[in-house]
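Residue numbers run from 1 in the order of the sequence given.
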Amino acid sequence: HVPSALGTSIAAFMTEADVEAGGHAGGLAAYGKAGNMPPAERPRKRARLDGSSNDGLWEAPQADPGIRDACPQEVTVVGADEEGLNQVYRRHQSSELDFLRHRQRVGPWAYVAEKALGSEGRRPFLWRQTCEDGHKKLWKLAVESEKQSRFQSACHGKFPDSLEYWSAFRSTTVHRSLCVHRHPQVDSSDLTPGCTWLTHPDDPEELPTLGPKEAEQFFRDGFLVLRQQDLGTAGRATHAQCAMNKVLCSLAAVGLDSHGAPSLQALGVVENEQRDGLHSVRAYAREDYAALLYPLRKILAQMLGCEPELPDKVQLAFCGPDGGLGEQFEGREDGRPGHQYHIDGRGQLPNGFSLLVGCAVSEIPAGRTCWGALAVFPGSHRNSELHKAYPQMHLAEKPAEQMDLGRPLTVRLESGDVVISHSLLAHRRSQNWSEAIRNQVYFRIRPKSAQLDRQWEKGVLDDPFATLPGIRSALAVPAAGASSSPPQESVEEAPLAPALSQPSRAVGAEHGADFQ
């Protein structure tokens, strides 16, 4: 005897071979009969196109116009281990697709990939199946001529926005990097051909671009600040903050009660990754976070001089208040010396990416001058002496053994604002003398071509713009070997941008880890 709840659970994840045969698996009936399904989705017998009998096969229900309007015309699959599955899929009526005839309880719409896998011409496709209760829907990723689908995901609402994480058939393995996104039409001028980056309804009509002014500041200082009103990211930042707070609450619950705590896997937290406490929690780039990058697709492509790779993981950086209970924090500032900083890569340079993109998803506490913000050392991305010595300095037991870079500048970001910085720019997390937790999401960006080119970072320590040719092109600055000095004023003489504020001296210490 199998309890009904367990039987339903097992039946919902039976293999298609069992379902399509209409048989049993381990004594459990496969899903149930068509009579248990809503009338609109009950399969009907169909005839072959040549008029011959087709007993035993069922016709997919007719596509309802309302359902059609709720389903996007195209979707994009990303994050699959097999690269051929990562492409655009177009919507079709299921009744028009012959390869769906042997599947049972097929939904009215399916999505077929634009390109076939390999030389055999077999195309991947997405299709929907209704469970025995007539309500739960499973979306499945399959390939033509294969009897079983490869992956499946439950959907509790609108497709593809309400999909859960995908899992493999005959396996408990969860593929958290595999995602299906809506695929709106993208202006071909935004990106190079074939880019899989997406758009968002809140994206501005004119995306931020790299002009001479922006290129000059980035060349000189090593970072740019873009405001949320120019990006349309205010609402997206709110969603990202909600997702981060859920992760934070789950991490706290795990510490308090590991048995009753919600699963971190369900929230997309990457397991078995090296962490630095709450300052560096790695998570999969689910839509809540990835959408923050969409309005940057054009300027990032221009800076790299090619198509950027959409990262599959992000860094969630939480910064709680410093000090002990009852300790005074009002009016305190960060006055640590200039030898306390880090360059991403845990001491290894080059460090595997070209640009660090940080998006603030929390507001600056009112009246506070030190709230855990990112602090940068302008011009340090061009300090070749620092880069050559840093791997050894990173191993130093005392922070004072690092090169003193002077006083940093605090980057002032409101919720939705974005900073784009050079991968070799020295920086640190400011102390948080406030009552609030500062939340920020970081993305590490590199050219998409780096997936196949192991030498893509060659020469970057001699020429920090070797992987950012768009910066030199915008300024007509010669490559390394000529002068690498700023095009106009020096860093020491450069006026402070409105996004920056000078920190005052305070008490505290922090060193060594790759976190912001």
Side-chain angles (χ1 to χ4, degrees), residues 76-80 83 86-88 177 179 181-200 203-204 206-211 214-215 218-219 222-226 230-233 236 240 282-287 289-315 344-345 350-359 381 418-425 441-460 463-474:
T76 301
V77 173
V78 297
E83 189 60 33
N86 299 324
Q87 54 173 305
V88 176
S177 61
C179 298
H181 300 291
R182 293 175 179 268
H183 184 77
Q185 294 299 318
V186 180
D187 187 344
S188 59
S189 63
D190 289 352
L191 292 167
T192 55
C195 183
T196 57
W197 282 46
L198 308 177
T199 63
H200 189 277
D203 285 351
E206 295 186 7
L207 298 175
T209 58
L210 181 70
E214 292 80 13
F218 190 88
F219 184 95
F223 68 97
L224 291 173
V225 172
L226 303 176
D230 299 320
L231 301 172
T233 48
R236 281 173 271 191
R282 289 321 197 263
Y284 291 99
R286 55 191 298 168
E287 185 73 10
Y289 311 126
L292 296 167
L293 274 182
Y294 296 165
L296 303 175
R297 56 188 180 273
K298 192 167 187 176
I299 190 170
L300 294 177
Q302 290 173 328
M303 297 174 78
L304 293 168
C306 62
E307 179 184 336
E309 178 186 41
L310 184 63
D312 62 348
K313 298 177 185 177
V314 301
Q315 175 189 347
D344 284 2
N351 46 20
F353 64 100
S354 298
L355 296 168
L356 178 67
V357 178
C359 183
H381 64 301
V418 169
V419 58
I420 304 175
S421 60
H422 196 288
S423 63
L424 297 179
L425 186 71
V441 182
Y442 285 97
F443 306 85
R444 287 165 175 82
I445 305 297
R446 65 177 188 172
K448 189 174 182 180
S449 58
Q451 297 174 354
L452 302 176
D453 182 8
R454 295 185 178 181
Q455 301 297 319
W456 73 276
E457 291 180 290
K458 184 178 180 180
V460 74
D463 178 8
F465 297 96
T467 63
L468 297 167
I471 300 295
R472 292 193 181 280
S473 298

- Start with the C-alpha distance between Arg444 and Tyr442, add both sets of side-chain angles, then the distance that settles side chain to side chain contact (heavy atoms under 4.5 Å, CB included), and finish with yes or no. CA-CA 7 Å; Arg444 287 165 175 82; Tyr442 285 97; 4.2 Å; yes
Say whether, by atom type as modelled, one donor and one acceptor occur between the side chain of [X] and the main chain of [Y] under 3.5 angstrom.
X: Asp344; Y: Leu424; answer: no
X: Ser423; Y: Phe353; answer: yes
X: Asp203; Y: His200; answer: yes
X: Glu309; Y: Pro447; answer: no
X: Arg236; Y: Ala291; answer: yes

Non-hydrogen side-chain atoms of [X] and [Y] separated by less than 4.5 Å:
X: Val418; Y: Leu292; value: no
X: Leu224; Y: Val419; value: no
X: Val357; Y: Val441; value: no
X: Gln87; Y: Thr76; value: no
X: His422; Y: Leu355; value: no
X: Asp230; Y: Pro204; value: no

Enter the distance from [X]:[atom1] to [Y]:[atom2] here, rounded to the nearest 0.5 Å.
X: Ser421; Y: Phe218; atom1: OG; atom2: CZ; result: 7.0 Å
X: Leu210; Y: Lys298; atom1: CG; atom2: NZ; result: 11.5 Å
X: Leu425; Y: Ile420; atom1: CG; atom2: CD1; result: 13.0 Å
X: Ile471; Y: Glu214; atom1: CD1; atom2: CD; result: 9.5 Å
X: Leu231; Y: Cys359; atom1: CG; atom2: SG; result: 8.0 Å
X: Leu304; Y: Lys448; atom1: CG; atom2: NZ; result: 13.0 Å

I need the minimum non-hydrogen distance between [X] and [Y], along with the two atoms involved.
X: Ile445; Y: Pro308; result: CG2-CB, 3.9 Å
X: Ala283; Y: Tyr289; result: CB-CE1, 4.3 Å
X: Ala80; Y: Asn86; result: N-OD1, 2.9 Å
X: Ala215; Y: Ala474; result: CB-CB, 3.5 Å
X: Glu457; Y: Pro350; result: OE2-CB, 3.2 Å
X: Ala285; Y: Pro311; result: CB-O, 3.4 Å

- Message: When you compare the side chains of Tyr294 and Glu287, does any donor N or O come within less than 3.5 Å of an acceptor on the partner?
- Response: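 Looking only at side-chain atoms, Glu287 and Tyr294 do form a donor-acceptor pair, the distance falling under 3.5 Å.
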- Just by distance, with hydrogens left out, do Arg446 and Gln451 show a side-chain donor and acceptor under 3.5 Å apart?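 There is no such pair between these side chains.
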- Task: State whether Arg472 and Asp463 are salt-bridged, where the test is any N-O pair (Lys NZ or Arg NE/NH1/NH2 against Asp/Glu carboxylate O) under 4.0 Å.
- Result: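 Counted as a salt bridge, because a side-chain N and a carboxylate O are separated by less than 4.0 Å.
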- Task: Answer yes when Asp312 and Arg286 have at least one side-chain N-carboxylate O distance shorter than 4.0 Å, and no when they do not.
- Result: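 No.
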- Message: If you apply the rule side chain to side chain contact (heavy atoms under 4.5 Å, CB included), what do you find for Val314 with Arg282, and how did you get there?
- Response: CA-CA 6 Å; Val314 301; Arg282 289 321 197 263; over 6 Å; no
- Task: Mind checking side chain to side chain donor-acceptor pair (under 3.5 Å) for Thr467 and listing every partner two or more places apart, or none if nothing turns up?
- Result: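 Checked Thr467 against side chain to side chain donor-acceptor pair (under 3.5 Å); matches are Ser354.
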- Message: Ring centroids only, cut at 6.0 angstrom: are His381 and Phe223 within range, meaning strictly under it?
- Response: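 Between Phe223 and His381, which both carry aromatic rings, the centre distance is not below 6.0 Å.
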- Item | Worked check of side chain to side chain contact (heavy atoms under 4.5 Å, CB included) between Thr209 and Ile299 | CA-CA 5 Å; Thr209 58; Ile299 190 170; 5.7 Å; no
- Of all residues at least two apart in sequence or in a different chain, which pass the ring pair (Phe, Tyr, Trp, His ring centres under 6.0 Å) check with Phe443?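 So Phe443 forms no ring pair (Phe, Tyr, Trp, His ring centres under 6.0 Å) with any residue.
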- Message: side chain to side chain contact (heavy atoms under 4.5 Å, CB included) for Val77 and Val88? Distances and angles first, verdict last.
- Response: CA-CA 7 Å; Val77 173; Val88 176; over 6 Å; no
